[in-house]
Amino acid sequence: MTAPIARPPDSLSPSRAADFMQCPLLYRFRVIDKLPEEPSAAATRGTVVHAVLERVFDAPAGQRAIPRARAMVAREWERLLARRPELTALFAAEGDGGQGEGGAGGGSAGGMDAARLAEWLTSAEELVERWFSLEDPTRLEPAERELFVETRLESGLRLRGVIDRVDVAPTGEVRIVDYKTGKAPGPRYTDGALFQMKFYALVLWRLRGAVPKRLQLVYLGSGDILTYDPEEADLRGVERKLVALWHAIRQATETGDWRPSRSKLCGWCDHQARCPEFGGTPPPYPLSVQTALPLLPEQGAPVEEGAADPRAEA
């Protein structure tokens, strides 16, 4: 397989902005080096659940029921597996290697532990069912689902991302909705959780000229809903923060100085073996150290930001 070509970053998404704030070296590994990462059962479950919650609205309102939605989980898993057959390793039968979430052993099909896969599918179905206790899909008609958005700020910074759902009231107010398959954060951490939503609100504001009325995070893991009603001043503050963040990313790209930042999240990182904080050595820097990096991408330059699946952010 041909190694991906390293290019300087030319845009920013919520997930990659969060990567840089968490650990600049992690951002480099994902965006510039494009190092592969092992799939996880939790992230894959998030991808499947998101797909179900997108497609449930394909049916007429009266048919958006729990049994139908639960049945969609296995179908969405099969669709995902057809695109990414390497995910079979998540549920590899004993002796076949791979990783999983644990659970009792059982028969195998296609090299997968049938019992562990069934347990995982059931956990995804339970998340889907919980959504029905938080929102009533028979009374919702989303204006947009899985909406890709992109805008360029006056500074030249290009922002991009994918919004799970956009609702528009008959009076025109806009609500941005994002599904999370984990648990809601404690009060001390809500600002971090809302950063992604304010990012999306800023992009929609710049695209459509109106500040969204409400931001809504739906936490399926704990059965909570977190809402926030942004104001123009909030979004201007987010814009200033993103411009400053992009300046720091440009500086690291120019100098090759991507410093690790140790935290409790390091325990979940695939790149500890390459991280100086754990005695590792990063691979050679694939870009030339530059004296200046243009803020605006060259005309016709390909869009490259990283290979992470946006549905794995949940």
Side-chain angles (χ1 to χ4, degrees), residues 13-19 21-23 26 40-54 56-57 64 66 69-70 73 76 101 119-137 139-140 142 144-147 161-167 173-204 211-231 234-235 237-238 241 263-269 308-314:
S13 70
S15 55
R16 299 291 78 82
D19 285 345
M21 290 187 289
Q22 175 187 327
C23 175
L26 175 63
S40 75
T44 304
R45 179 170 50 220
T47 301
V48 169
V49 170
H50 274 81
V52 171
L53 298 188
E54 176 190 3
V56 74
F57 290 104
R64 300 169 191 166
I66 291 174
R70 288 189 67 130
V73 168
E76 292 303 327
E101 287 194 313
E119 181 181 0
W120 179 85
L121 288 171
T122 297
S123 70
E125 291 176 9
E126 290 170 349
L127 292 175
V128 169
E129 181 168 347
R130 185 171 293 147
W131 174 63
F132 281 79
S133 71
L134 301 172
E135 297 189 290
D136 182 357
R139 303 181 66 180
L140 294 170
E144 305 283 355
R145 290 174 275 157
E146 295 295 310
L147 174 66
V162 178
I163 301 174
D164 287 346
R165 199 179 85 215
V166 177
D167 299 331
E173 290 94 345
V174 171
R175 177 173 64 183
I176 299 175
V177 180
D178 192 77
Y179 308 119
K180 300 294 184 186
T181 51
K183 297 181 180 180
R188 293 173 52 193
Y189 303 101
T190 55
D191 286 347
L194 286 169
F195 171 76
Q196 173 190 9
M197 304 302 285
K198 292 180 179 180
F199 184 109
Y200 291 144
L202 171 62
V203 174
L204 276 190
V211 174
K213 177 66 175 178
R214 172 152 294 186
L215 312 179
Q216 179 167 302
L217 283 160
V218 181
Y219 287 95
L220 303 175
S222 56
D224 295 304
I225 291 181
L226 174 63
T227 61
Y228 183 80
D229 296 342
E231 298 179 355
D234 293 328
L235 304 188
V238 171
K241 180 176 183 176
S263 73
K264 62 181 181 180
L265 296 174
C266 292
W268 300 92
C269 184
D309 183 348
R311 289 284 57 79
E313 298 168 10

*asked:* As an exercise, state the distance from CG of Leu215 to NZ of Lys198, rounded to the nearest 0.5 Å.
replied: 8.0 Å

*Distance under 6.0 Å and angle within 45° of ring axis: Lys264 vs Tyr189*: yes

*With a 4.5 Å limit on heavy-atom distance, are the side chains of Lys213 and Val174 in contact?*
no

*Rounded distance (nearest 0.5 Å) linking atom CG of Asp224 with atom NZ of Lys183*: 10.5 Å

*What closest approach, in Å, do Pro14 and Gln196 show between heavy atoms, and which atom pair accounts for it?*
CB-CG, 3.8 Å

*When you look at Glu146 and Asp164, which way does the side chain to side chain contact (heavy atoms under 4.5 Å, CB included) test go after all the steps?*
CA-CA 5 Å; Glu146 295 295 310; Asp164 287 346; 3.4 Å; yes

*Indicate whether any N or O donor in one side chain lies under 3.5 Å from an N or O acceptor in the other, for Arg45 and Ser123.*
yes

_Counting C-beta onward and ignoring hydrogens, is there a side-chain heavy-atom pair between Val211 and Glu231 closer than 4.5 Å?_
no

*Side chain Trp120, main chain Ala41, donor-acceptor under 3.5 Å*: yes

*State, to 0.1 Å, how close Pro230 and Pro212 come at their nearest heavy-atom pair, and which atoms those are.*
CG-O, 3.3 Å

*Of all heavy-atom pairs between Pro185 and Ala193, which one has the smallest distance, and what is that distance?*
CG-CB, 3.8 Å

_If I take atom CZ from residue Arg214 and atom OG1 from residue Thr227, how far apart are they, to the nearest 0.5 angstrom?_
4.5 Å

*asked:* Within the 4.5 Å heavy-atom criterion, are Arg165 and Leu140 side-chain neighbours or not?
replied: yes

*Which heavy atom in Ala69 sits nearest to a heavy atom in Val52, and how many Å separate them?*
O-CG1, 3.7 Å

*Test: Glu129 and Arg70 ion pair at under 4.0 Å*: yes

*Do you see a donor-acceptor pair shorter than 3.5 Å between the side chains of Tyr200 and Asp178?*
no

*asked:* Using 0.5 Å steps for rounding, measure from the CG atom of Leu26 to the CE atom of Met21.
replied: 12.0 Å

*Ignoring hydrogens and angles, tell me if any N or O in the side chain of Arg175 forms a donor-acceptor pair with the backbone of Asp167 under 3.5 Å.*
no

*Criterion side chain to side chain contact (heavy atoms under 4.5 Å, CB included) on Asp19 and Arg16, from CA distance to verdict*: CA-CA 5 Å; Asp19 285 345; Arg16 299 291 78 82; 2.6 Å; yes

*Can you see which heavy atom on Val49 is nearest to which on Ala124, and at what distance?*
CG2-O, 3.9 Å

_Checking the side chain of Arg130 only, and the main-chain atoms of Leu220 only, is there a donor and an acceptor separated by less than 3.5 Å?_
yes

*Is Ile163 close to Glu144 at the side-chain level, that is, under 4.5 Å between some pair of heavy atoms?*
no

*Verdict with supporting geometry, Thr190 and Tyr228, side chain to side chain contact (heavy atoms under 4.5 Å, CB included)*: CA-CA 10 Å; Thr190 55; Tyr228 183 80; over 6 Å; no

*What distance do Leu194 atom CG and Leu226 atom CG have between them, rounded to the nearest 0.5 Å?*
5.0 Å

*State, to 0.1 Å, how close Asp234 and Asp229 come at their nearest heavy-atom pair, and which atoms those are.*
OD2-O, 4.4 Å

*At what distance, to the nearest 0.5 angstrom, does CZ of Phe132 lie from CG of Leu53?*
8.0 Å

